[in-house]
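Quick note: numbers below take in every heavy atom, side chains included, and nothing from hydrogens, waters or symmetry partners. Below, chains carry the letters A, B, ... as their sequence lines are ordered, and counting in each starts from 1. Since this is a predicted model, take the numbers as computed values, not measurements.
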There are 2 protein chains.
Amino acid sequence: MGRADTTTPANGVPSPPRPGLRERKKRRTRDALLRAALELFAERGYERTTVDDIAEAADVSQRTFFRYFGGKEEAAFFVSRMAEGHFVEAVRRRPPGEAPLDALRHALGESWDSIGDSIGHLVPLDLHMRFYRVIESTPALLAAHLRRANELEEELARVIAGREGLDVDTDPRPRVVVAVFGAVMRVTERMWSAGDDAGLPALRDLTLSYLDQVEPALSGPWRTDPDTPGNGSGTP
Amino acid sequence: MGRADTTTPANGVPSPPRPGLRERKKRRTRDALLRAALELFAERGYERTTVDDIAEAADVSQRTFFRYFGGKEEAAFFVSRMAEGHFVEAVRRRPPGEAPLDALRHALGESWDSIGDSIGHLVPLDLHMRFYRVIESTPALLAAHLRRANELEEELARVIAGREGLDVDTDPRPRVVVAVFGAVMRVTERMWSAGDDAGLPALRDLTLSYLDQVEPALSGPWRTDPDTPGNGSGTP
DNA sequence: GAGATTAGTGACAGTCGCTGACAGTTGACA
DNA sequence: TGTCAACTGTCAGCGACTGTCACTAATCTC
């Protein structure tokens, strides 16, 4: 209760008190489960990895796995969940004057930069990216991913509606813009996962470049448009 | 193999030969299972309906259910699957000169008209619409629905790419347009399922009206735009 | 510091979706 | 009419997930 467990460094900002042994143990177990899960998913695939496998790799019982994660799916998307939280916060911080699509685009650019580090604190970044590619080729994971993306869009639509002073239940436009934004993101993920460069910067660049093409792509005609290269990525 | 089983009416178009007893029995079993499934889903909800319940309601064994449908999910989306097939065909039939988004929009308008009847041949239309609203409120169903929508978009992207003479693997634009189209459809479904009018015409009108708003909604600002009503539907 | 409290865990049993194997039944066709 | 293939039911089993209960260990109380 004294000063002993509230480490306050010189900068004045009080860092959260060092958690007790129990809390640290819990964290270690969760991280071990998370890492074991992602490793197995990336190696053998999602479907061919049983919860028993994960529990055994983390040296706990199956029952314990389910105490940390609601299911296989929750473990699979634990990292993404955190990354999405960062993004939503970035959107909330954008200046109110900005047009919706610009706000989303800029927030994405910002959070991309910090997300790599945040992920690295949980699991090796490389592992996460390897797993991320598995999503696209696993129907059960893709379905879950899309459902989660849908929920995220709903949250974003409410943020956008708030910025613009609109009611999300009567005006469809906030949802439409966010849905268009999300649609481009998903196309990007698909193209990225099919490409050669599985790195995070490649995904980042592809995303931002495709977002720039939304409006041109909607207003055809396409055939007579030679100065827009077909491939929006850096690879010619 | 003679003329006896090829009923050719006066109009000259040969209707398919009347199936044998075995085939008719199969169809009856399948329809009974389908109808029982949708009825139970609409009444008790998807999750609280077991495959055993469905099989029992259709008076067959659980094993038989799985011989007709790959799983609960496949039974749930059997009707939608057929409707989607109609739509894709309508897109393929659109004149080549049309801009992609227009082709999609017009094909949708066309297939909407015939879809009601097609569904009615399988299950009561009212039942289908009641079930369709369950999707939005059932995470497992929503996930499956979104994954299926994603697959449909992939197919449409290839059709569009073919019409425009583009390669879907290097040019992101076909996928982007189709994704935007799909995004609007999903927003519509969401607004429809939250609204009062659960009928098929309401869904149809809402869809077409929202599609008209895609481009205006993308190019803000919104606040200073009094002549575009917030609610795109017919209800003021 | 010893005992009471409580969180975390493992072991076990059970449900539900789904699959493989095997045997019995029934429509199709010679 | 008898053979054959298709269709079906029964049974056994796997994997995801949940409830229960007893046991251990971190934390709290005195």
Quick one: does Lys72(B)'s side chain have a donor or acceptor within less than 3.5 Å of a partner on Thr49(B)'s backbone? yes
Below the 4.0 Å mark, does [N] have OP1 or OP2 next to a side-chain nitrogen or oxygen of [X]?
X        : N       : value
Lys25(B) : dG27(C) : yes
Tyr68(A) : dG8(C)  : no
Thr29(A) : dT9(C)  : yes
Lys26(A) : dG8(C)  : yes

Tell me which of Ser61(A) and Glu73(B) sits closer to the 5' end of DNA chain C, going by the nucleotide each one is nearest to. Ser61(A)
If you take atom types as modelled and just measure distance, does the side chain of Arg63(A) reach the base of dG19(D) with a donor-acceptor pair under 3.5 Å? yes
The side chain of [X] lies closest to which of these nucleotides: [options]?
X        : options                   : result
Arg22(A) : dC17(D), dG8(C), dT9(C)   : dG8(C)
Gln62(A) : dC17(D), dG10(C), dG15(D) : dC17(D)
Arg67(A) : dC18(C), dG10(C), dC22(C) : dG10(C)

Rounded off to whole Å, could you give me the [atom1]-to-[atom2] distance for the [X] and [N] pair?
X        : N       : atom1 : atom2 : value
Arg30(A) : dG8(C)  : CZ    : P     : 13 Å
Glu47(A) : dC14(D) : CD    : C1'   : 14 Å
Phe65(A) : dG8(C)  : CZ    : P     : 17 Å
Leu33(A) : dG10(C) : CG    : P     : 9 Å
Glu23(A) : dG8(C)  : CD    : C1'   : 11 Å
Phe66(B) : dC11(D) : CZ    : P     : 18 Å
Glu56(A) : dG15(D) : CD    : C1'   : 15 Å
Asp53(B) : dG17(C) : CG    : C1'   : 13 Å

Using side-chain heavy atoms (C-beta onward) and a distance below 4.5 Å, is Leu156(A) in contact with Phe87(A)? yes
Interatomic distance, OH@Tyr46(B) vs CG@Leu38(B), rounded to 0.5 Å, equals 11.0 Å
One thing to verify: whether Arg48(B) and Glu43(B) come together as a salt bridge, which I'm taking to mean a side-chain N less than 4.0 angstrom from a carboxylate O. no
Looking only at heavy atoms, what is the nearest atom pair of Val178(A) and Glu153(A), with distance? CG1-O, 3.4 Å
